[in-house]
Structure formats: C-alpha cells, structure tokens
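Please read the structure below before turning to the comments.
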Amino acid sequence: MPSNTEAAEIFRGIADLLDVMGERFKPEAYRRAARSLESLTEDLSAVAARGELRSIPGVGEAIEEKLREYLASGKIAYYDRLRLEVPPGVAEMLAIPGLGPKTARRFWVELGIETPDELLAALTAGRLSGVKGFGEKKVAQIRSAVEGHRAGPAGARLPIEVAYPIAQALVQGLRERAGAEQIEVAGSFRRGRETVGDLDLLVTSVDPTRAFDVFSSLPEVREVRLRGATKETVLLTNGLQVDLRVVEPAAFGAALQYFTGSKDHNVIVRSLAKERGLRVNEYGVYRGDERLAGRTEEEVYAALGLAWIPPELREARGEVDLAAQGPLPPLVSESALRGDLHVHLAPDAEAASVEPLVTSARARGLAYLGLVAEGLDDHGRPFTLPSKTQERLRKAAGPKLRLHLVREVDVPSGPTSAGREVFDWTVLRPTSRAPNPPPASVGRAWSLAVVAHVGSRDPAGAEAARAWIQFARAVGTAVEVGPGPERLDSTWARSALETGLSLALPTGVEEPTGSPTGPIALRFARRAGAGPGQVRNADPHAPVSGGRKAAAD
DNA sequence: GCCGTTTTCGGCCCGACTGTTTTCAGTCG
C-alpha cells in the first residue's frame with residue numbers, strides 16, 4: 001500500500017545516493033519534495049487523482065512522473081538503478097556524524113570501503129594514516145563517530161512532550177546561573193513540531209564564555225562536542241544534542257528568526273529580501289552595510305514588508321505570501337482558553353485533595369471544567385466520581401469556576417443515550433485503535449460530544465484517525481488535540497479544521513504546574529492554524545449553555 | 001530537479017566550526 005511517508009523515504013534515499021555521486025542541487029530538490037510529502041494532510045493518491053501533484057511544493061515534471069510511477073507500481077525505477085550504482089553501505093555512512101558525501105565517496109572510490117563495518121576495520125588496520133586530509137585528530141574523530149553509530153541509531157527524534165521538560169530545565173539553569181538576559185528555545189521546538197531532533201537555545205549575554213561554562217556544567221550535560229566564539233554544542237545524558245548560541249541584544253530578533261526556521265520558510269524569506277535589494281542573516285536585515293533591523297522578530301519581518309508570522313506557521317505553506325498582504329488572522333492563545341472540556345481526577349478521587357485542581361484552574365483563568373464523573377479508569381475499569389467528592393469540588397470551586405459533569409463513553413461498545421439528563425456533555429472515547437466508528441445517527445444521541453483518545457502515530461492509527469474525524473464531522477463534535485500517542489497531533493488537527501470541525505484542547509489543569517500537556521496542545525492547534533473561534537473551549541460559555549447549536553451540524 | 005510580476009535559463013542561504021592547511025575543504029544547521 002503506497003503511502004506519503006514511504007514515498008518521502010524513497011526520495012530521501014535518492015537524495016543520499018545522489019549526494020554520494022557528487023550531484024550539486026538534485027539532492028536538495030528531492031529532500032524538499034520529501035519534506036512536502038510528509039507535511040501533506042491528504043493522501044498522495046487523492047492528490048494524484050485530481051491531477052494536482054504539481055501543486056505540491058518542490059514537485060515538478062520529473063518528480064511528478066516518479067510519484068505516478070510509485071503510485072502505480074509501488075516502486076521507482078530510478079531509485080533501483082541508483083542503488084545498483086552505489087553500494088547501500090556507502091549511503092549508510094552518511095548517517096555517521098561528521099561524515100558527509102565527499103568523505104563517503106572518497107572512502108568508497110579511493111579505498112574500496114563500502115560499509116561502516118569496513119570503515120572501522122580500515123581504521124583499526126591503520127589504513128587511513130598517511131591518506132591526504134586524514135590527520136591523527138580526524139581519524140580519532142571518525143573512529144569515535146563510527147563506534148557511536150554502530151552502538152545505536154543516534155539522533156532519533158524525541159517527542160516534544162519528552163523534550164519539553166528538558167528544555168525547561170536548561171532554560172532555568174541558564175537563567176539562574178549564567179546571567180543571561182533573553183533566553184529562547186528556537187528550532188522545531190519553537191515551531192511546535194511533534195518531534196525534535198535537537199534543541200537550539202539562544203541567549204543574549206555580555207559574557208559568552210561564562211554562559212558556555214555554566215551551560216556545560218549543567219547536570220543534564222554529558223559532554224561538550226564543540227565550542228567556538230558564539231556557539232557551543234553539547235550532548236545531554238539522554239543523547240539529545242543541544243546547541244547554545246550567544247548573540248548581542250541588537251541581533252537577538254534576527255538570530256531568533258534565523259534559528260527558528262524552518263529551512264524552507266527561511267529560504268523564501270531570504271529570496272524575498274533579495275528581490276527587494278536586502279540581505280538577511282542571523283545578525284539582521286541589511287541594505288548594503290546598513291543594518292535595518294535585528295533586535296526583535298517583528299522588526300525583522302517588518303523590514304521585509306511582512307507582518308510577524310507566528311513560529312508555528314513557519315513551514316513554507318504560503319504564510320509568507322499572506323504576511324505580505326497584512327497581519328495574519330489571530331491564532332488561539334493561552335489566554336483565549338476559558339475552560340477544559342475533559343478533566344480527569346485520580347481514580348481514588350474520594351481521598352484525593354480537590355484544592356490543587358481548583359487552584360490550578362483559577363491560575364489559568366478558566367471559567368469552567370468538564371469533570372469526568374463516569375467512565376473508565378486507566379486500567380479500563382468502570383469508575384464513578386463519588387458524590388461526596390463532587391460536593392467538595394463544588395464548594396472549593398465557588399461561583400466563579402463552574403463545574404460540569406461529564407461522562408466518558410467507550411464507542412462503539414459503550415452505552416448510548418441513557419443518563420443524558422445527568423451529564424452536561426459526553427466525551428467519546430474510541431475503543432483502542434478501533435477503525436470502525438458507529439453510524440453518525442448513534443453519535444447524534446448526545447447533545448454534545450468530544451472525540452478524545454484517538455492516536456495516529458502509526459499506519460493503523462492513521463486509518464482510525466481518518467475514520468473518526470469523518471465520524472466527528474457527521475455528528476458535529478469537536479476532536480481533542482494534544483501530545484502523546486492517545487491524542488491527535490497537529491497534522492490531524494489541520495485535517496480536522498479543513499473539514500470544518502472545531503478542536504478541544506486539554507489545558508493540563510489536572511497535572512502539576514509546568515507539565516507540558518497544555519502548552520503543547522496549544523502549539524499543535526496553532527500549528528494547524530486554529531483561531532480562537534475554532535477551539536470549542538475558547539468559548540467563554542461551557543458548551544451546554546450556549547453550544548447546543550453545535551450538535552445540529 | 002525546481003522555479004520564475006525583473007528570468008523558460010541560470011540561479012539555488014550562508015555563516016560557524018574543525019582540521020589540516022599556509023588560504024581552504026568539508027560538514028552542519
């Protein structure tokens with residue numbers, strides 16, 4: 001079964017092989033097409049059926065043809081041919097840090113080394129000593145990199161919810177001890193991508209050396225990879241790579257813009273600058289030698305005639321063209337969230353203290369909570385919130401925080417309509433990975449519902465997600481978006497918004513302060529382009545009082 | 001191989017860092 005992901009993988013494979021063959025621009029062209037395919041919300045075959053493959057950024061005549069071939073046969077002959085020319089182990093060597101296409105090619109052509117294993121053997125046998133360009137240090141560096149590569153697949157991307165607390169700890173450490181003034185985590189972390197390959201930290205400081213010293217002595221840091229005048233790269237104990245850059249305040253905005261990316265976004269921004277006789281780099285926007293902007297991102301975009309673009313949208317999906325026409329429509333923000341539609345108390349809620357939940361809800365400025373009063377606990381056992389606990393909660397909440405009772409129902413196996421009068425709304429929880437939603441008529445038995453607990457991180461999950469989004473559309477419910485394998489990510493959020501659905505965002509109100517659920521869910525929604533009007537819990541009124549129209553669809 | 005209200009040909013981001021070098025090549029982001 002052809003898939004967008006597989007097509008992207010093939011293109012990346014082609015790019016690697018072309019790299020080794022010494023091609024200059026083709027590899028990047030194939031990689032660009034691969035990135036586009038991955039960010040497509042729609043299935044490739046559907047785009048092909050409409051004859052619109054060429055509308056995908058980076059897809060031209062030649063790549064369109066290869067995509068058609070792939071959809072028809074599952075294969076691309078060009079790729080197979082390249083693989084005959086270049087031994088697969090040579091391309092694999094590109095995955096070794098510090099070893100690029102030029103070096104891999106030299107190993108292959110000049111020394112007959114075709115795999116990482118053969119490279120290690122050659123190093124051990126001393127075959128590289130005396131070879132031009134390979135001094136003692138270089139040999140040691142390559143050896144260490146090859147061994148690291150063999151030990152495990154380094155550089156696996158981390159889910160953002162795993163990276164989030166790490167980033168927070170690093171930022172806090174730097175802020176407290178390094179005398180850093182402005183600190184920001186840039187890169188794909190700031191764009192709110194589902195996974196991050198590394199972290200890019202950016203600080204302003206009058207004393208870069210001190211910042212680097214403090215940074216490399218943080219408990220999370222295992223080793224320093226490199227240190228220059230403006231940049232330090234370290235490896236954390238968990239293997240994550242982190243870059244720290246120190247810039248002067250006058251360039252902070254430009255550096256932040258530059259290192260937030262994405263790559264494709266920056267290419268577009270820079271070529272636009274060129275058209276206008278300007279030049280953009282990480283220090284600022286320049287006309288000749290004159291720096292026009294650099295202190296803030298707003299300033300940088302403005303100097304190019306653009307409105308500021310939220311980081312989550314910087315993915316080269318037309319956002320630059322929009323920003324050239326005027327301010328972008330506002331995205332949902334933390335302060336826009338007025339309630340949480342789906343809050344769980346711990347299963348032993350009878351004993352649990354309810355005050356932290358109420359305090360946390362107030363701190364977040366929430367006006368209402370939809371508390372799951374009946375459903376299944378983490379182990380799938382039926383669970384009812386004791387009425388005593390409900391009472392304690394109501395008392396603690398007071399008049400400003402409204403409590404609503406919510407029922408969480410397994411679909412399609414759970415009950416249908418009984419109990420409507422007791423509960424204010426229903427959370428639909430598809431049974432694990434069920435790709436088979438019930439008919440929409442069943443779903444309409446609820447006055448309002450939120451589809452939650454739909455994951456999408458594997459092919460089976462993706463199929464289920466597609467089906468449940470269709471179901472939600474037919475029923476007129478919102479779908480929950482957020483981090484973790486049990487929620488829809490930003491790509492699915494975009495897909496849901498495109499079909500006219502609204503989103504439900506968890507605020508993380510029931511979790512300890514600083515937990516990543518709320519902020520990440522918000523980033524995913526923003527990444528999908530959601531405005532406040534498209535988020536159900538950005539409505540100041542709980543869905544029961546003002547939102548029955550939502551069920552009408 | 002892609003792309004185009006200056007181009008259907010001739011561009012394609014560019015600066016930091018390292019190592020091996022005596023002025024630069026390779027890699028990375």
Side-chain angles (χ1 to χ4, degrees), chain A residues 11 14-15 17-36 53-67 76 78 82 93-107 128-142 144-145 155 186-189 196-202 208 212 224-233 241-247 251 254-255 257-286 316 321 324:
Chain A
F11 283 168
I14 291 176
L17 294 171
L18 290 172
D19 247 341
V20 174
M21 294 177 70
E23 286 282 354
R24 286 266 278 140
F25 298 103
K26 288 186 191 181
E28 204 37 49
Y30 279 100
R31 289 200 181 96
R32 168 141 196 259
R35 288 196 295 274
S36 283
L53 286 174
R54 290 284 280 276
S55 70
I56 300 169
V59 176
E61 192 181 342
I63 289 187
E64 177 190 21
E65 203 164 301
K66 292 182 177 67
L67 281 174
I76 296 178
Y78 180 59
L82 287 175
M93 285 196 279
L94 297 181
I96 298 168
L99 209 161
K102 298 272 170 53
T103 313
R105 183 179 175 82
R106 282 193 64 195
F107 284 156
L128 258 66
S129 58
V131 178
K132 193 174 168 240
F134 294 96
E136 204 177 312
K137 275 184 159 178
K138 192 87 192 167
V139 168
Q141 179 194 317
I142 291 178
S144 142
S188 52
F189 182 90
V196 299
D198 63 5
L199 291 176
D200 291 295
L201 266 57
L202 208 60
F212 291 151
V224 176
R225 272 275 179 82
L226 58 88
R227 183 194 282 204
T230 65
K231 167 185 167 175
E232 179 174 69
T233 299
Q241 180 175 310
V242 185
D243 292 343
L244 176 68
R245 289 183 170 82
V246 179
V247 299
Q257 195 285 324
Y258 187 90
F259 292 112
T260 298
S262 66
K263 188 173 181 152
D264 292 333
H265 173 86
N266 280 357
V267 167
I268 293 171
V269 167
R270 218 151 312 143
S271 62
L272 183 81
K274 207 168 172 179
E275 276 173 29
R276 304 187 177 186
L278 304 170
R279 185 168 51 93
V280 185
N281 58 26
E282 61 262 55
Y283 302 109
V285 180
Y286 293 86
D321 289 340

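Note that the structure is a prediction, hence the values are computed from the model and not measured. Within every chain, numbering begins at 1; the chains are lettered A, B, ... in the order of the sequence lines, protein sequences first and strands thereafter.
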(request) Go along nucleotides 8-17 of chain B 5' to 3' and tag each nucleotide: B for a protein heavy atom under 4.0 Å from its base, S when only backbone or sugar atoms are that close, - otherwise. (result) ----BBBSSS
Using nucleotides 24-26 of chain B, report all nitrogen or oxygen pairs with the protein that are shorter than 3.5 Å.
residue, atom, partner, partner atom, Å
B:dG26, O3', A:Thr103, OG1, 3.2

(request) To the nearest 0.5 angstrom, please state how far the CG atom of A:Leu67 sits from the CD1 atom of A:Ile76. (result) 6.5 Å
(message) Taking only side-chain N and O atoms of A:Gln141, does any of them lie within less than 4.0 angstrom of OP1 or OP2 on B:dT27?
(response) no
(request) Would you please name every residue forming a side chain to side chain contact (heavy atoms under 4.5 Å, CB included) with A:Arg31, sequence neighbours left out? (result) A:Ala15, A:Asp16, A:Asp19, A:Pro27, A:Glu28, A:Arg35
(message) For A:Asp243, give me all partners under side chain to side chain contact (heavy atoms under 4.5 Å, CB included), at least two apart in sequence or on another chain.
(response) A:Asp198, A:Asp200, A:Lys231, A:Thr233, A:Gln241, A:Arg245
(message) Holding to ring pair (Phe, Tyr, Trp, His ring centres under 6.0 Å), I want the full list of residues that pass it with A:Tyr258, two or more places apart in sequence or in another chain.
(response) none
(request) Have a look at A:Glu65 and say if it touches a base, only the backbone sugar-phosphate, or nothing, with a 4.0 Å heavy-atom cut-off. (result) nothing
(request) Tell me, please, which residues at least two apart from A:Arg276 pass side chain to side chain contact (heavy atoms under 4.5 Å, CB included). (result) A:Leu272, A:Leu278
(request) Give A:Phe259 one of three labels, base, sugar-phosphate or nothing, depending on what nucleic acid heavy atoms sit under 4.0 Å from its own. (result) nothing
(request) Could I get the full list of ring pair (Phe, Tyr, Trp, His ring centres under 6.0 Å) partners for A:Phe134, not counting sequence neighbours? (result) A:Phe107
(message) By the salt bridge (charged side-chain N to carboxylate O under 4.0 Å, His left out) test, which pairs, at least two apart or in different chains, include something from residues 55-64 of chain A?
(response) A:Arg54-A:Glu64, A:Glu64-A:Arg68
Donor-acceptor contacts, no H, no angles, side chain residues 93-103 of chain A, under 3.5 Å, sequence neighbours left out:
none

